[in-house]
Trainee: 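Dumping the structure here so I can ask a few things about it.
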Amino acid sequence: MITRFAPSLTGYLHLGHVLHMLYVWGIARKRGAKVLFRIEDHDRSRARPEYETAVFQTLEWLGFFPDLGISSAAEKPSEFRQSDGSEYYQSVLDHLENRGLVYGCQCSRKQIAETQPEGAGELLYSGTCAEKGLPLEGNTVRFRTPGRQTGFEDLKLGRQCQIPWLQCGDFSLRDRQGQWTYQFACVCDDIRHGVDLVIRGEDILFSTARQIQLFETLDAAPPQYYHHPLICDETGRKLSKRQRSESITQLRESGLSPEAVIGRALHQSGLSPSDTPFTAEQAIHEYII
Ligand code: GLU
């Protein structure tokens with residue numbers, strides 16, 4: 001069995017990622033899975049080399065050692081770094097295009113937003129360009145999302161049912177600038193890396209049925225899923241790199257030990273009643289397995 005630790009490179013890692021690592025390595029241990037390390041830097045406008053260097057340092061400093069995948073920032077190109085994967089993603093896209101399952105869309109985000117009802121959350125694309133025959137190049141590439149409901153048995157949350165077609169409509173696989181999207185790159189990589197167990201935060205639960213539909217369309221068996229709880233701030237919002245939550249790199253530079261950082265992540269998540277320091281190994285045994 002293979003699971004993965006696959007951070008996006010949109011900022012430095014924070015305490016939420018430490019909790020995530022505990023779940024990934026802990027559940028992997030429990031189920032006898034190997035942990036593969038992949039860099040999800042598909043968003044070239046936000047990824048920075050210093051973030052990648054920091055991810056390697058943080059993993060090692062905290063004591064999380066992957067079994068498979070990318071082993072150093074010097075590994076270039078790597079099949080475990082999304083910015084190196086364009087040729088492969090293009091070949092998968094060509095396959096979908098030959099089957100008539102994608103189309104080019106020229107609607108801007110603003111235009112789509114204008115069609116949404118008041119107070120709507122996620123943008124729901126209504127398929128304006130679906131039959132226009134626009135080229136894929138230079139346009140957003142959208143997947144013809146099946147109209148059906150997709151269900152799965154989450155290992156933590158139990159039975160889940162989602163209808164992507166009603167949540168987001170035909171979602172995008174590549175943007176107008178030619179950047180691959182998270183949904184597409186993630187599924188293509190989970191297929192080529194043989195990932196059969198996905199452990200991730202509840203914040204991306206809504207992505208899962210979309211990804212299962214892509215797996216099925218590509219004739220690949222979807223992995224099993226385990227969605228874990230998150231660390232939230234005082235206002236109840238999840239910690240986020242974009243909101244500049246305190247990074248592990250900063251905590252380390254301020255003199256905290258790796259054990260103190262792990263203890264703080266456990267405490268802030270509510271798993272531990274105090275911020276007693278723990279090694280990764282102890283924390284996994286005490287709170288995850
Ligand atoms: N790269 C994603 C993130 O850092 C996680 C990918 C996934 O678990 O599917 O949020």
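This structure is a prediction, so every number in the text was calculated from the model and none was measured. Indexing begins at 1, ligand by ligand and atom by atom, following the structure's order.
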Trainee: Closer than 4.0 Å to some heavy atom of Cys186 - which atoms of ligand 1 meet that?
Mentor: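 Selected atoms, number and element: 9 (O).
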
Trainee: Under 4.0 Å from any heavy atom of Pro7, which atoms of ligand 1 are there?
Mentor: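 Those qualifying, in numeric order: 1 (N), 4 (O).
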
Trainee: Looking at Tyr125, is Arg142 sitting on its ring face, NZ or CZ under 6.0 Å from the six-membered ring centre and within 45 degrees of the normal?
Mentor: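 Judged by the rule, Arg142 and Tyr125 form a cation-pi pair.
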
Trainee: Tyr103 and Asp170: side-chain donor and acceptor closer than 3.5 Å?
Mentor: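 Yes, because at least one side-chain N or O of Tyr103 sits under 3.5 Å from a partner of the opposite role on Asp170.
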
Trainee: Is there a heavy atom of His17 sitting under 4.0 angstrom from any atom of ligand 1?
Mentor: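 Flag not set, His17 not near ligand 1.
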
Trainee: Any idea which heavy atoms bring Leu19 and Leu271 closest together, and the distance?
Mentor: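 Looks like CD1-CD1, 3.8 Å.
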
Trainee: Judged on heavy-atom distance to atom 5 (C) of ligand 1, which of Ala185, Ser8, Ala6 sits nearest?
Mentor: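 Nearest option to atom 5 (C) of ligand 1, by heavy atoms: Ala6.
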
Trainee: Should Glu40 and Gln82 count as side-chain neighbours, where that means a heavy-atom distance under 4.5 Å?
Mentor: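 Of all side-chain heavy-atom pairs linking Gln82 with Glu40, at least one is under 4.5 Å.
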
Trainee: If you take the nearest heavy atom of each of Glu40, Arg38, Arg200, which one is closest to atom 6 (C) of ligand 1?
Mentor: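 Nearest heavy atom to atom 6 (C) of ligand 1 lies in Glu40.
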
Trainee: Would you mind reporting whether Glu259 and Phe278 have side-chain heavy atoms less than 4.5 Å apart?
Mentor: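 Side-chain contact under 4.5 Å: no.
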
Trainee: N/O of Gln211 under 3.5 Å from N/O of ligand 1, yes or no?
Mentor: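 N/O-N/O distance under 3.5 Å: no.
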
Trainee: Centroid-to-centroid, His20 to His17, below 6.0 Å?
Mentor: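 Here the rings of His17 and His20 have centres that are no less than 6.0 Å from each other.
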
Trainee: Within a distance under 4.0 Å of any heavy atom of Arg4, pick out the atoms of ligand 1 and give their elements.
Mentor: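 The atoms of ligand 1 under 4.0 Å from a heavy atom of Arg4 are 7 (C), 8 (O), 9 (O).
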
